[in-house]
2 protein chains.
Amino acid sequence: MSLLSYNLILKNINRFINLNQEEENFYVSLLTERKIKRKEFLIKQGQISKHDYFIIKGCLKVYTLDNKGSEHISMFAIEDWWTGDMASFISQQPGHYFIQALEDSIVLQISKSNFDLLFKQIPKFERFYRILYQRSLVSFVQRANQGISESAEERYLNFVKKHPNIINRVSQKNIAAYLGVTPEFLSLLRKKIVSV
Amino acid sequence: MSLLSYNLILKNINRFINLNQEEENFYVSLLTERKIKRKEFLIKQGQISKHDYFIIKGCLKVYTLDNKGSEHISMFAIEDWWTGDMASFISQQPGHYFIQALEDSIVLQISKSNFDLLFKQIPKFERFYRILYQRSLVSFVQRANQGISESAEERYLNFVKKHPNIINRVSQKNIAAYLGVTPEFLSLLRKKIVSV
DNA sequence: GTAATTTCTTAATGTACATTATTTTTCCCT
DNA sequence: AGGGAAAAATAATGTACATTAAGAAATTAC
């Protein structure tokens, strides 16, 4: 595991809790680095999710396929973000999500058993995840409401404003699958927006 | 604070962590009981949310008004559930949500300062909230996806299956505002479903 | 560097749901 | 218990977005 990876994840964690040198060493010992090429999968629908992931470099999408076979992206994960199929990881039951790399990527992963061990050995991590989940909840509640209350055009404009960096890295087809519209309709929206 | 309230919230907490007698006493000392009549508000949009709530009895709705003035319900809170405007409560900034009683209700509330104190005095509560938030996240991620990927009819049928008890207590107008459709369209859906 | 794929655009037609208005039913209040 | 208010049903018309199909542009792969 490279020094770069090590620094990035510890800096992420140190936003909320302070670890001493010994704790840092122990924590890092629970992680493994994994390289994944564009189009490869971290997990697939139906599998039990064995790991939780932190992105060091690259970009991935988390998505499901509905019964009609169409793709719904629930998040894009880029550098310094956490991702995974939480429901499957926690329950160790088959999951509903695919996680696929959109660019060659590097992630750090922690296994379920090491995740459990972590809380036993360094209870401070309860606090870290309490705060991390709390913040995630705030944005998911917001997104759940937006999904229901806003038009596709509003959702697109909000996404552009909030994640300009992602817009430039990800195809419109994927943006459409995130917004919950067809690529054709997104194309139409963009044309309309530009012409205004 | 009644013995009934006391037992219900401690039982809820003991699902995830074990408190000794002293800890239970301290925890309960941080709470206050509040009665609220049908149609009254716990919090209103624009206010800073001073408390987090646990429902002892009754039923409330958490909702926003969008810029067109229409109502979007993000959850119904009933007995043995937690609720609040988490974003506002945590940040102590003005919030976006209303919480209104649909029936005469009794809640236990904890203030922001007591919430902070709780983590200092009984760090086990980090674990409790870590697990609570983890579980909420799992269901919100699911709801965010359903909001985007399913038709109104599918969302209605899922809601009926998942929360049959709530269906019977809450008006169709409110169910419609939760599902993100008009009451007129929900009425049409129900007619169609019954006739099948 | 060029063929092969994939992505993006444009346009015609179709459908899920909104809006508005009216009537009927249920519920609430004193 | 009865009058008033809110909720629910029904129906006509309108709109946001889907679907299908075809061609143009951009990327990928060998």
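What you see below is based on every heavy atom in this structure, not just the backbone, and it leaves out hydrogens, waters and symmetry mates. Naming: A, B, ... by sequence-line order, numbering from 1 per chain. Note that the structure is a prediction, hence the values are computed from the model and not measured.
Atom NE2 of A:His163 is surrounded by more than 12 heavy atoms from other residues, nucleotides or ligands within 6.0 Å. For A:Lys112, the NZ atom sits in a packed shell: over 12 heavy atoms of surrounding residues, nucleotides or ligands are nearer than 6.0 Å. At most 12 heavy atoms of other shown residues, nucleotides or ligands fall within 6.0 angstrom of atom NZ in A:Lys173.
In this structure, a donor-acceptor pair under 3.5 Å is present between the side chains of A:Asn12 and A:Trp82. B:Asn25 and B:Gln21 share a donor-acceptor pair across their side chains, judged by distance under 3.5 Å alone. In this structure, a donor-acceptor pair under 3.5 Å is present between the side chains of B:Asp66 and B:His72.
As rounded to whole Å, 10 Å separates atom C1' of C:dC17 from atom CZ of B:Arg155. Note: OH (B:Tyr156) to C1' (D:dA8) measures 12 Å, nearest angstrom. Distance CD (B:Glu150) to C1' (D:dC17): 18 Å, rounded to an integer number of Å. At whole-Å resolution of the value, CG in B:Leu102 and P in C:dC28 are 11 Å apart. Straight-line distance from the CZ atom of A:Arg190 to the C1' atom of C:dC8: 9 Å, rounded to whole Å. A straight line from CD1 of B:Ile175 to C1' of D:dA9 spans 17 Å, rounded to a whole angstrom. Put simply, CZ on A:Phe185 is 15 Å from C1' on C:dA12, counting in whole angstrom units. The nearest whole Å value for the distance from the NZ atom in A:Lys68 to the P atom in C:dT15 is 13 Å.
No cation-pi contact links A:Arg190 to A:Phe185, judged by a cut-off of 6.0 Å to the six-membered ring centre and 45° from its axis. Remark: A:Arg143 is positioned above the aromatic ring of A:Tyr178, its terminal NZ or CZ atom under 6.0 angstrom from the ring centre and at most 45 degrees off the axis. For the pair A:Lys44 and A:Phe41, the cation-pi test (distance below 6.0 Å, angle within 45°) is passed.
Comparing the local axis fitted to the first five base pairs of the helix from C:dG1-D:dC30 to C:dT30-D:dA1 with the one fitted to its last five gives a bend of 70°, rounded to 10°.
Near DNA chain C, meaning a heavy atom under 4.0 Å away, the residues from residues 163-174 of chain A are A:Ser171, A:Gln172, A:Lys173. Residues from residues 55-65 of chain B that place a heavy atom under 4.0 Å from any atom of DNA chain C: there are none.
For B:Thr182, a side-chain nitrogen or oxygen approaches OP1 or OP2 of C:dA18 to under 4.0 Å.
In this structure, the nucleotide among D:dA11, D:dC17, C:dA16 sitting nearest to the side chain of A:Ser151 is D:dC17.
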Could you tabulate the donor-acceptor pairs under 3.5 Å formed by side-chain atoms of residues 50-65 of chain A, not counting sequence neighbours?
unit_1  : atom_1 : unit_2   : atom_2 : d
A:His51 : NE2    : A:Gln109 : NE2    : 3.4
A:Lys61 : NZ     : A:Glu71  : OE2    : 2.8
A:Lys61 : NZ     : A:Asn174 : OD1    : 2.9

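The six-membered or imidazole ring of A:Tyr129 lies away from that of B:Tyr133, with a centre-to-centre distance of 6.0 Å or more. Ring pair B:Phe125/B:Phe115: centre-to-centre distance not below 6.0 Å.
Between B:Glu103 and B:Arg38, none of the side-chain N atoms (NZ, or NE/NH1/NH2) sits under 4.0 Å from a carboxylate O, so this pair counts as no salt bridge.
Residues that satisfy the side chain to side chain donor-acceptor pair (under 3.5 Å) test with A:Asn158, not counting sequence neighbours, are A:Glu150.
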Strictly under 3.5 Å: I want the nitrogen or oxygen pairs between protein and nucleotides 21-30 of chain D, one per line.
unit_1 : atom_1 : unit_2  : atom_2 : d
D:dT28 : OP1    : A:Arg38 : NH2    : 3.4

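Residue A:Leu188 is the one, among B:Leu189 and A:Leu188, whose nearest nucleotide of DNA chain C lies closer to the 5' end (criterion: closest heavy atom).
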